[in-house]
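Along the sequence shown, the residues carry numbers beginning at 1. No hydrogens, no waters, no symmetry mates; every other heavy atom, side chains included, goes into these values. Being a predicted model, the structure only gives us computed values, none of them experimental.
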Amino acid sequence: MQQRRKSVFGSAPFAMKQAALGAGVAARKNGAPLSLAALVFALFVFATFLYNEDIKSITDFQFSAGAIRAKAHDLHLLQEAEAAAHAAVNTLAKRGEEVIVRVLEANATTVAASVGGAAAANAKANAAAVDVGQEKERDVTLPTVTGGAGADEARRRADEEAAEKAASAKAAAATAALRTVVSVPETCDLYRGSWVYDEVNAPVYKEAQCEFLTEQVTCMRNGRRDDSYQKWRWQPTDCDLPRFDARLLLERLRNKRLMFVGDSLNRNQWESMVCLVQSVIPSGKKTLAKFVNGGSSNVFTAHEYNATVEFYWAPFLVESNSDNPKVHSVPDRVIRWHAIASHARNWLAVDYLVFNTYIWWLNTLDMKVLKDGASFDQQGSPGSYVEVDRPVAYREVLKTWAKWVDRNIDPNRTTVFFMGMSPNHITPEAWGNQGGIKCAMETLPITNRSTSLDVGTDWRLYAGAQEVLPTLRRVPVHFVDITALSELRKDAHTSVHTLRQGKLLTPEQQADPKTYADCIHWCLPGLPDTWNQFLYARIASSPWPADEASSKQK
């Protein structure tokens, strides 16, 4: 049982206390001062009391110099271990990682021990209680460092994650904005209207900004001085033609193929479409491959969209002796009007098909048609072909084409267009320019007509297309009626600012427009951009397929 420590006064003999008190009282009673002996004795008692308290403190904290020296080696090892632990913790914390350390806990138990001490007064001091720990292990997670390099790294990672999430959200919002449906009233006739001079909204792109244009169509680079032909915009009478949005069209073309099939006028339009879409694609993410697929195709690829804009050479759509895309300037043109398979196999698995055939029919009034069983190698042999009136042969070829489309095209995947006839301007008397030479030096469209216009378009072929296209049963074909509105653009041809047999016209040739002016093809930027706006209006105004719409909402 723990004993209650007694005061120094309690340990003194009772007689001594009585003597001291009695002496003091006696002195007081007698009114005499305290004796010297009594004063010394009182100081001695007081000093003994203070000494006893010091002994008790020393007993509680046994850190004498000898003990410190005895423990010095162990203390040094402990300090080294502690420093290593701190270094490891700091390293992990600087990486922004969670730190877990294992600590020892002491389970305090009270053990009584008697410690004897000899004081100056030879008094016995009672034992002091000390605690001896029962150790056990416990894992403790230290708080993450909130400052220094570790905090910087953590903040950097957090900023990167936040930026990535923000970029993803922004991209998703931008994509959603592009996946819209352009509004084009069904009752509006886009092809009835007039040309409006508009320096603000036309052209959609600049000639110098399209690296994919060929020299055949870069009229300004080839010496044309006026650029007003680029600034005329088609304005429908009862509505507006949607302004071309390259990003929206590319979103429609994502993972898809758009192919122009036909003659050099369709190639002219293909170049226009490439320039229209390429302007929003970063450098290095777009490529153009020419004369691929056996030489018959040119393929522009927008790599970020996995989309292609292609041109396939087939001037008559069916097989002919003009099918070589590089060498086809043959004066005696022959077709096999019921043979289309060799071309058509290249049109499968295409999402948007744009067909045309017209200009190559105008070389002669009658078309030579190869007889069954004859080959193009025998085309000059008597009896290997028959001559057929141009419009009759044209309708027969379109029937062959329509039959193939109806049998082989999936209307749920592929949208089919057929372009109207692109007109020539070789008779300036038709628009009142007496003494003019073809389309040379023309700088304005035809306006304010009081009489019907006849620039030489064979409207019989136009009528043949209008007759055949509605006969398709499974696959709807959209007729792009560009003929009448294009007849007004006598100013937009390449004229003498172009190539001849692959070479730019010389100054001497340019001075002879009667021989060298090209009044068939068109400058770019120019009229074919408007043709492509009609395609854009049809594509962008159609509903998104159900499977694509559902994937967009995810």
Close side-chain approach of Glu387 to Met367, heavy-atom, < 4.5 Å: no
Mutual orientation of the aromatic rings belonging to Phe418 and Phe479 [parallel < 30°, tilted 30-60°, perpendicular > 60°]: parallel
Leu250 and Ile281, any side-chain heavy atoms less than 4.5 Å apart: yes
Side-chain touch Ser272/Trp531, heavy atoms, less than 4.5 angstrom: no
Flag side-chain contact, heavy atom, 4.5 Å: Asp491 against Trp195: no
From CZ (Arg473) to CZ (Arg407), nearest 0.5 Å: 10.5 Å
Audit row: Arg157, Glu160, salt bridge (Lys or Arg N to Asp or Glu O under 4.0 Å) steps and yes/no: CA-CA 5 Å; Arg157 291 183 181 180; Glu160 287 179 354; over 6 Å; no
Polar side chain donor-acceptor pair, Asn433 to Glu442, under 3.5 angstrom: yes
Side chain proximity check, Val354 to Leu258, heavy atoms < 4.5 angstrom: yes
Cation-pi check, Arg489 onto Trp522 ring (under 6.0 Å, within 45° of axis): no
Straight-line distance of Tyr205 OH to Leu213 CG, nearest 0.5 Å: 5.5 Å
Approximate separation, where rounding is to 0.5 Å, of Ser486 OG and Met419 CE: 8.0 Å
Full working for ring-ring contact (aromatic ring centres under 6.0 Å, His included) between Phe417 and Phe260: CA-CA 9 Å; Phe417 299 92; Phe260 293 82; 9.1 Å; no
Test item: Tyr191 and Phe534 side chains (from C-beta on) under 4.5 Å apart, heavy atoms: yes
Geometric cation-pi criterion, Arg460 with Tyr394: 6.0 Å, 45°: no
Non-hydrogen side-chain atoms of Arg413 and Asp351 separated by less than 4.5 Å: yes
Worked verdict on Asp226 versus Arg224 for salt bridge (Lys or Arg N to Asp or Glu O under 4.0 Å): CA-CA 6 Å; Asp226 74 291; Arg224 181 164 179 168; 3.0 Å; yes
Spacing of CG belonging to Asn268 relative to CD1 belonging to Ile520, to within rounding of 0.5 Å: 11.0 Å
Geometric class of the His328/Trp313 ring pair [parallel <30°, tilted 30-60°, perpendicular >60°]: parallel
Side chain to side chain, Lys371 and Ser384, heavy atoms closer than 4.5 Å: no
Residue pair Leu362, Tyr358: steps toward the side chain to side chain contact (heavy atoms under 4.5 Å, CB included) verdict: CA-CA 7 Å; Leu362 304 183; Tyr358 174 69; 3.7 Å; yes
Residues His521 and Ser264: side-chain donor-acceptor under 3.5 angstrom: yes
Tyr462 and its side-chain hydrogen bond (donor to acceptor under 3.5 Å, both in side chains) partner, picked from Thr483, Thr457, Asp481: Asp481
Pairwise distance CD1(Ile409) to CG(Asn412) - rounded to 0.5 angstrom: 12.0 Å
Of Thr447, Asp454, Val455, Leu444, the residue whose pairing with Trp431 passes side chain to side chain contact (heavy atoms under 4.5 Å, CB included): Val455
Shortest non-hydrogen separation from Thr237 to Gly193 and the atoms involved: OG1-CA, 3.3 Å
Verdict with supporting geometry, Trp361 and Trp337, ring-ring contact (aromatic ring centres under 6.0 Å, His included): CA-CA 13 Å; Trp361 293 84; Trp337 62 5; 9.4 Å; no
Side-chain donor-acceptor pair present, Asp323, His343, cut-off under 3.5 Å: yes
